[in-house]
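For reference, the structure discussed in these notes is given below.
All heavy atoms count here, side chains included; hydrogens, waters and symmetry mates do not. The residues of the chain are indexed from 1 along the displayed sequence.
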Amino acid sequence: MPGQTRPFPGLLSALDRLDAAGMRMAVCTNKREKLANRLLESLNLRTRFAAVGGGDTYHCSKPEADHLFMTIADAGGDPAYSVMIGDSRSDIFGARNAGIPSIAVPFGYSDVPVNTLKPDHIITHFDELGPELIKTLLDR
């Protein structure tokens, strides 16, 4: 519910760090685009993201690679310089299907422990997310 939802601890500072490093961000969600935008706007976060690709925005949704590819394209990005940060099977498998490194968070909506999904990296708090981690994953 938008009136009760709050960003996870450390998220705003993480977004500031990534933005200061010149990293463009997008939201790739299986939620309906209109609802995702409404939620982001209610949290004053929408302007931080170059694009929002919802489950109804394109002809497919995660874990299909095209959902990530089209969201990245709409954000003006390049898959070769992209990392997926997520909390669920569809996020991690979508990244894997797209050949994009993934960072998993153990908080959120996953129905299984995220380590069982074998993401490229796991963070337990957004304080761990910064440009250095992103660059390390992209250099692998």
Side-chain angles (χ1 to χ4, degrees):
M1 181 176 255
Q4 299 174 358
T5 301
R6 301 284 178 263
F8 284 107
L11 175 66
L12 298 179
S13 295
L15 293 176
D16 288 343
R17 288 190 297 277
L18 298 175
D19 187 53
M23 295 183 175
R24 187 174 304 144
M25 294 167 278
V27 173
C28 184
T29 179
N30 282 347
K31 294 171 184 64
R32 296 177 56 81
E33 180 183 351
K34 183 177 178 178
L35 295 176
N37 275 311
R38 186 182 310 155
L39 177 61
L40 291 168
E41 288 167 7
S42 74
L43 297 171
N44 294 316
L45 293 174
R46 178 58 187 93
T47 58
R48 293 197 177 242
F49 300 100
V52 174
D56 61 339
T57 305
Y58 314 110
H59 69 276
C60 60
S61 59
K62 298 177 297 180
E64 291 187 40
D66 279 350
H67 190 182
L68 273 72
F69 291 145
M70 289 184 276
T71 302
I72 292 166
D74 284 352
D78 180 339
Y81 300 101
S82 297
V83 173
M84 169 61 121
I85 302 164
D87 64 359
S88 70
R89 182 184 319 262
S90 64
D91 295 328
I92 306 310
F93 291 175
R96 189 171 300 135
N97 291 339
I100 292 172
S102 62
I103 298 172
V105 297
F107 45 89
Y109 300 102
S110 185
D111 60 343
V112 298
V114 294
N115 64 312
T116 65
L117 303 175
K118 298 184 171 42
D120 295 293
H121 193 83
I122 298 173
I123 59 171
T124 58
H125 192 284
F126 278 117
D127 287 349
E128 301 171 54
L129 179 60
E132 303 80 19
L133 175 57
I134 302 293
K135 290 175 186 173
T136 298
L137 289 172
L138 291 174
D139 288 341
R140 286 186 177 176

Greater than 12 external heavy atoms within 6.0 Å of Tyr81's OH: no
Same apolar cluster (I L V M F W Y, side chains within < 4.5 Å links), Leu138/Met25: yes
Minimal non-hydrogen separation, Ser82 against Pro101, with atom names: O-CD, 3.3 Å
Approximate separation, where rounding is to 0.5 Å, of Glu33 CD and Leu40 CG: 10.5 Å
Co-membership, hydrophobic cluster, residues Leu35 and Leu43, 4.5 Å side-chain: no
Atom pair CG (Leu18) and OG (Ser13), whose distance is rounded to the nearest 0.5 Å: 11.0 Å
Rounded distance [0.5 Å steps], SG in Cys28 versus CZ in Phe49: 12.0 Å
Same apolar cluster (I L V M F W Y, side chains within < 4.5 Å links), Leu137/Met84: no
Pro79 side chain near Leu68 side chain, heavy-atom distance below 4.5 Å: no
Asp91 versus Ser88, side-chain donor and acceptor atoms under 3.5 Å: yes
Check ion pair Arg48-Asp16 (N to O, under 4.0 angstrom): yes
Asp87 CG to Tyr109 OH distance, which is reported to the nearest 0.5 Å: 7.5 Å
Student check: side-chain heavy atoms of Pro7 and Leu45 closer than 4.5 Å: yes
Connected via hydrophobic side-chain network under 4.5 Å: Val114 and Phe107: no
Heavy-atom pair with the smallest gap, counting every atom of Ile122 and Pro119: CG1-CG, 3.6 Å
CD1-CZ distance between Ile72 and Arg24, expressed to the nearest 0.5 angstrom: 11.5 Å
Candidate pair His67 and Asn30, rule side-chain contact (heavy atoms from CB on, under 4.5 Å), full reasoning: CA-CA 9 Å; His67 190 182; Asn30 282 347; 3.5 Å; yes
Side-chain heavy atoms of Leu117 within contact of Ser102, under 4.5 Å: no
Beyond-backbone contact of Val52 with Arg46, side-chain heavy atoms, under 4.5 angstrom: yes
Sidechain-backbone polar pair: Glu128 side chain, His125 backbone, donor-acceptor under 3.5 Å: yes
Non-hydrogen side-chain atoms of Val105 and Leu129 separated by less than 4.5 Å: no
Residue pair Ala80 / Asp78: nearest heavy atoms and the distance that separates them: N-OD1, 2.8 Å
Side chains of Pro63 and Arg89 in contact at under 4.5 Å (non-hydrogen atoms): no
Asn37 CG to Thr29 OG1 distance, which is reported to the nearest 0.5 Å: 10.5 Å
Proximity of Phe69 and Tyr58 rings by center, below 6.0 Å: no
Cluster overlap Val83 with Met70, hydrophobic side-chain contacts below 4.5 Å: no
Validation row: Met23, Lys135 side chains within 4.5 angstrom (heavy atoms): yes
